[in-house]
Structure formats: C-alpha cells, structure tokens
Engineer: 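After the structure tokens below, expect a handful of questions from me.
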Amino acid sequence: MRRLPATFAEADATEVAPRLLNQLMRVDGRLARITEVEAYTADDPASHSFRGRTQRNAAMFGPPGHWYVYLIYGLHHCVNLVTGAEGDGQAVLIRAVELPGTPSARTVGPGRLTRELGIDRSWDGRLAELFDDGVAPPLMPIVTPRVGISQAVDWPRRWMVPPQASAGSQRNQ
DNA sequence: CAACAGATTCTCT
DNA sequence: GAGAATCTGTTGT
C-alpha cells in the first residue's frame with residue numbers, strides 16, 4: 001500500500017474522479033475504499049464554486065489534495081477532494097465507500113459515509129490521506145447521470161465501480 | 001430582511 | 001411517494 005503522490009489531485013476533477021475509484025482514503029486510522037464519486041467544476045451551474053468563493057466553499061478554492069467538507073440541508077456533511085490548481089474551484093464529491101466490517105447501508109451515500117467516518121466541518125481544508133493498496137484489480141468505471149441536483153443533471157460526471165465488483169455500491173441510477 | 005432552493009437522509013404512508 | 005430536519009447562499013421586496 002503506497003500513499004498517492006500530491007500530483008494525484010493536480011488534474012481536472014473529471015480526470016481525478018474515475019481514478020479515485022478503488023483507492024483508499026484514511027480517516028482517523030480507518031481505511032475506506034472509494035466506490036462512487038462525482039466531479040464538480042467551476043463551470044458547472046450545480047457546483048458550489050459556480051458563483052465564486054464564499055466562506056463555506058473557501059477550501060474548494062484552496063490547494064488540491066485537501067478536503068472540502070460542507071454541511072448540506074443543515075444536517076448532513078459531504079466530503080470532497082479538491083482538485084486541479086489552487087483557485088480553480090474544482091472538487092470530487094465522495095458519494096460512497098466500503099469499510100471492512102461495516103454494512104454498506106452506512107457507507108453508501110455522501111451524508112452517510114461522513115457520519116460513519118466521523119467527518120464534519122473540522123475536516124474542511126485538511127490534507128487528504130489517499131492510498132493505493134496495489135491489490136484491487138483495475139476496474140471499468142460506470143458513468144451514470146447525476147442525482148440530488150436540478151441543473152446539468154445529465155452531465156456525465158458520476159462514476160461508480162461495477163456492481164459485481166463491489167456489493168452495495170449500486171443505488172439510484 | 002423574508003423567502004426559497006439546495007451536491008441528503010430518515011420516517012411514515 | 002410525501003414531509004421533515006434546519007444550515008448556507010442567492011434572490012427579491
């Protein structure tokens with residue numbers, strides 16, 4: 001298992017997103033395998049960065065390779081990996097992970113996995129710890145329409161690992 | 001300043 | 001399938 005280099009996140013979110021699949025993110029010593037992601041760029045009307053920097057999304061305009069964590073609907077946290085170059089306002093939303101010994105019902109869904117891993121706004125702006133375990137075979141990502149938003153819904157920016165390779169990674173399409 | 005929509009999830013129907 | 005929970009940012013009065 002090797003730590004991913006800092007350059008890993010220094011590319012467009014649409015390139016980094018599929019590469020994140022099957023990689024591991026470490027949170028408080030726990031390793032979670034990323035199984036579903038979604039890319040957000042500043043030209044995306046559904047992106048928090050679309051209308052520029054605010055107090056909430058400041059981390060999204062910060063250096064790549066760090067976390068952007070925000071509170072949605074006043075109760076759920078969502079975690080993103082900042083990508084591109086500092087100031088771009090790009091990020092990849094982590095929508096589902098696999099955690100050994102944990103039911104997928106608790107780790108599938110952006111609001112669920114943050115609760116399970118204990119990720120809250122205190123993680124906003126922190127350096128992300130990402131690893132490649134060198135074990136998982138390369139998989140063909142599945143691209144699906146986006147959910148939970150009302151603009152640019154059909155942009156192909158959501159990726160997940162094939163269902164058979166990851167029980168519990170399948171959800172609304 | 002009031003109103004509303006939102007990168008969601010849970011509960012009840 | 002509808003409604004609630006309730007923070008953040010945008011838009012309209």
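A note on names: the letters A, B, ... follow the listed sequences, proteins ahead of strands, and every chain is numbered from 1.
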Engineer: Residues two or more places apart in sequence or in another chain: which of them pass ring pair (Phe, Tyr, Trp, His ring centres under 6.0 Å) with A/Phe8?
Structural biologist: none
Engineer: I'd like to check A/Arg112 versus A/Arg106 (side-chain heavy atoms, cut-off strictly below 4.5 Å). Are they in contact?
Structural biologist: no
Engineer: Mind checking side-chain contact (heavy atoms from CB on, under 4.5 Å) for A/Arg51 and listing every partner two or more places apart, or none if nothing turns up?
Structural biologist: none
Engineer: Going by heavy atoms closer than 4.0 Å, what residues in residues 74-82 of chain A are next to DNA chain B?
Structural biologist: A/His76, A/Asn80
Engineer: Base contacts versus sugar-phosphate-only contacts with protein, heavy atoms under 4.0 Å: please encode nucleotides 8-13 of chain C as B, S and - from 5' to 3'.
Structural biologist: SSSS--
Engineer: Rounded to whole Å, please give me the gap between CG in A/Asp120 and P in C/dT6.
Structural biologist: 17 Å
Engineer: According to salt bridge (Lys or Arg N to Asp or Glu O under 4.0 Å), does anything in residues 54-78 of chain A pair up with another residue at least two apart or in another chain? List the pairs.
Structural biologist: none
Engineer: Using Watson-Crick and G-U wobble pairs with both distances under 3.5 Å, what is the 5'-to-3' dot-bracket string of DNA chain B, with [ ] for crossing pairs and | for pairs outside the strand?
Structural biologist: ||||||.|||||.
Engineer: Do any of residues 86-93 of chain A sit with a heavy atom less than 4.0 Å from DNA chain B, and if so which?
Structural biologist: A/Leu93
Engineer: Please examine the side chains of A/Glu129 and A/Met25, heavy atoms only from C-beta on, and report whether any two atoms are closer than 4.5 Å.
Structural biologist: no
Engineer: Tell me, please, which residues at least two apart from A/Thr54 pass side chain to side chain donor-acceptor pair (under 3.5 Å).
Structural biologist: A/Asn57
Engineer: Between P on B/dC10 and CD1 on A/Ile72, what's the gap in Å once rounded to a whole number?
Structural biologist: 15 Å
Engineer: Quick one: do the A/Thr35 and A/Arg95 side chains pair a donor with an acceptor below 3.5 Å?
Structural biologist: no
Engineer: Would you call A/Tyr73 stacked on C/dA5, i.e. ring centres under 5.5 Å apart with the planes less than 30° off parallel?
Structural biologist: no
Engineer: If hydrophobic clusters are built from ILVMFWY residues whose side chains come within less than 4.5 Å, do A/Val27 and A/Leu99 share one?
Structural biologist: yes
Engineer: Taking atom P of B/dT9 as reference, at what distance in whole Å does atom CD of A/Glu116 sit?
Structural biologist: 13 Å
Engineer: What I'd like to find out is whether the side chain of A/Glu38 reaches to under 4.5 Å of the side chain of A/Trp159, using heavy atoms alone.
Structural biologist: no
Engineer: Taking atom P in both B/dA5 and C/dA2, what distance in whole Å separates the two?
Structural biologist: 16 Å
Engineer: How long is the line joining CZ of A/Arg146 and P of B/dT8, in whole Å?
Structural biologist: 11 Å
Engineer: Not counting sequence neighbours, list each pair that qualifies as a side-chain hydrogen bond (donor to acceptor under 3.5 Å, both in side chains) and has a residue in residues 66-82 of chain A.
Structural biologist: A/His48-A/Tyr68
Engineer: Could you pull out every donor-acceptor pair under 3.5 Å between side chains of residues 10-21 of chain A and any protein atom, sequence neighbours left out?
Structural biologist:
{"unit_1": "A/Asp12", "atom_1": "OD1", "unit_2": "A/Gln90", "atom_2": "NE2", "d": "3.2"}
{"unit_1": "A/Glu15", "atom_1": "OE1", "unit_2": "A/Arg19", "atom_2": "NH2", "d": "3.3"}

Engineer: Does A/Leu24 sit in a hydrophobic cluster with other residues, and if so which ones, taking ILVMFWY side chains as linked at heavy-atom separations under 4.5 Å, directly or through other members?
Structural biologist: A/Met1, A/Leu31, A/Phe131
Engineer: State whether A/Arg115 places a side-chain N or O below 4.0 Å from either non-bridging phosphate oxygen (OP1 or OP2) of B/dC10.
Structural biologist: yes
Engineer: Taking atom P of B/dT8 as reference, at what distance in whole Å does atom CD1 of A/Ile94 sit?
Structural biologist: 14 Å
Engineer: Distance check: side-chain N/O of A/Arg112 vs OP1/OP2 of B/dC10, anything under 4.0 Å?
Structural biologist: yes
Engineer: Specify the separation, in whole Å, of atom OH of A/Tyr70 and atom C1' of C/dC7.
Structural biologist: 12 Å
Engineer: Can you list the steps and then say if A/Gln23 with A/Arg33 is a side-chain contact (heavy atoms from CB on, under 4.5 Å)?
Structural biologist: CA-CA 6 Å; A/Gln23 307 287 28; A/Arg33 184 180 304 275; over 6 Å; no
Engineer: Suppose we screen for side chain to side chain donor-acceptor pair (under 3.5 Å). Which residues come up paired with A/Ser47, at least two apart in sequence or across chains?
Structural biologist: A/Ser49
